[in-house]
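Order of the sequence lines fixes the chain letters, A, B, ..., with proteins taken first and strands second; residue numbering starts at 1 for each chain. Just so it is clear, the model here is predicted, and its values are computed rather than measured. Quick note: numbers below take in every heavy atom, side chains included, and nothing from hydrogens, waters or symmetry partners.
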Protein chains: 2
Amino acid sequence: MYQQLSDYLKILADPSRLEILDLLSCDELCACDLLAHFHFSQPTLSHHMKVLARYQLVQSRKNGTKTMYRLNKERLEEITSQLSSIGAATSPCVCDQLEKGTCET
Amino acid sequence: MYQQLSDYLKILADPSRLEILDLLSCDELCACDLLAHFHFSQPTLSHHMKVLARYQLVQSRKNGTKTMYRLNKERLEEITSQLSSIGAATSPCVCDQLEKGTCET
DNA sequence: ATTATATATAGATTATCATCTATATATATA
DNA sequence: TATATATATAGATGATAATCTATATATAAT
C-alpha cells in the first residue's frame, strides 16, 4: 500500500512530468506540441509519456501520425486523496500495531 | 515551481517515509519507537528523519537522549494542495504560453 | 514508390539515492 | 568515572532513472 502510493509519487516526482500534466490539464495535446514546450529530446518526451501512460496518469489515442494525450484527472485525484490520508489520524494509520515505549518511555 | 513540488514529492516517494509519516499522524513518537516498526538499520532511519526534517515534513525536539518527532500536517497539506492544482484547468496552467499546432494541426 | 513527418525503441551514460557497516557523540545511570 | 542507551555521521555500494544518440516504424503527401 505504501509501496504502491510511493510508486505513483515517484512518477510525479519529476518537474518535466508535472509540467506535462499541467499542460494537459487544459486540453488534449499531441506529443509534438508538448515537445515544443521543453528543451529535452524527442525520445525523452516519449519516455516520459510512456511512463505516465503506464501508470494511467494520461490516456493516449492515435490521430494519423500523431499521438494525442489527455490527462486522467481521476487518477491524479486518487493519488492526492491517498496522500492526504497519510496525514489523517484516522483510518489507514498503523499506530495500533505499533508497540510504543519498547525503548522505555 | 515544478522543481520545488517535484523535490517534495521525491521525499514522499519512498514507502518507508510514507509509513513513518503515517505512524506520526496519530502521535508524537521517538526514533526508537519508529525503528522498532521497521526492518532497516538505525542509521537508515536517522537518514530518513533527517531528510523529512530538512523539508519540514516532521519537527523534532530533544527529550533526554531521545529525539521526539511529530508530523507537520500543514506542510503535507501544502504539498497535496499543490499537487491537486496541477490537475486543475485553472490558475497555474501554462497552456496559454504554449503555442499549439506548431507541428501543424 | 519515395520522401517527409511523428513517434517509438535500443543501448549507453551519468547522477541520485536507499541502504549498509563502522564509528562518533551525547546523555543517563551505576 | 565508566558503562549503557539513543542518535548521528562518514563512507561505500548497488540499483534506479533521466537523459542522450542512433535507429526503427508508421503514416501522409507528392
**Study point:** Base-pair map of DNA chain C as dot-bracket, where | denotes pairing with a different strand and pairs are Watson-Crick or G-U under 3.5 Å
**Key:** ||||||||||||||||||||||||||||||
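Hydrophobic clustering, with ILVMFWY side chains joined whenever heavy atoms are under 4.5 angstrom apart, keeps L24(B) apart from M68(B).
Residues Y69(B) and A31(B) come closest through the heavy atom pair CE1-CB, 4.0 Å. Of all heavy-atom pairs between R75(B) and Y55(B), the closest is NH1-O, 3.4 Å. The shortest non-hydrogen separation linking A13(A) to K10(B) is O-NZ, 3.0 Å.
Not counting sequence neighbours, the partners of R61(A) by the salt bridge (charged side-chain N to carboxylate O under 4.0 Å, His left out) test are E28(A).
Considering only side-chain N and O atoms, S46(B) lies nowhere under 4.0 angstrom from the phosphate OP1 or OP2 of dT9(D).
In this entry the distance linking CZ of R54(B) with P of dC17(C) reads 9 Å, nearest Å. With rounding to whole Å, L9(A) atom CG is found 16 Å from dC17(C) atom C1'.
Heavy atoms of F38(A) sit nowhere under 4.0 angstrom from any nucleic acid atom.
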Practice item. Sugar-phosphate atoms are those with a prime plus P, OP1 and OP2; base atoms are the rest. Using that split, label each nucleotide of nucleotides 14-26 of chain D B, S or - for protein heavy atoms under 4.0 Å, 5' to 3'. Key: ----SBBBB----
Check your understanding: Stepwise, does the side-chain contact (heavy atoms from CB on, under 4.5 Å) test hold for Y2(A) with D14(B)?
Key -> CA-CA 8 Å; Y2(A) 298 108; D14(B) 179 276; over 6 Å; no
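A distance-only check finds a donor-acceptor pair linking the side chain of N72(B) to the backbone of Q56(B) [under 3.5 Å].
Just one of M49(A), R54(A), K50(A) meets the side-chain contact (heavy atoms from CB on, under 4.5 Å) condition when paired with L52(A); it is M49(A).
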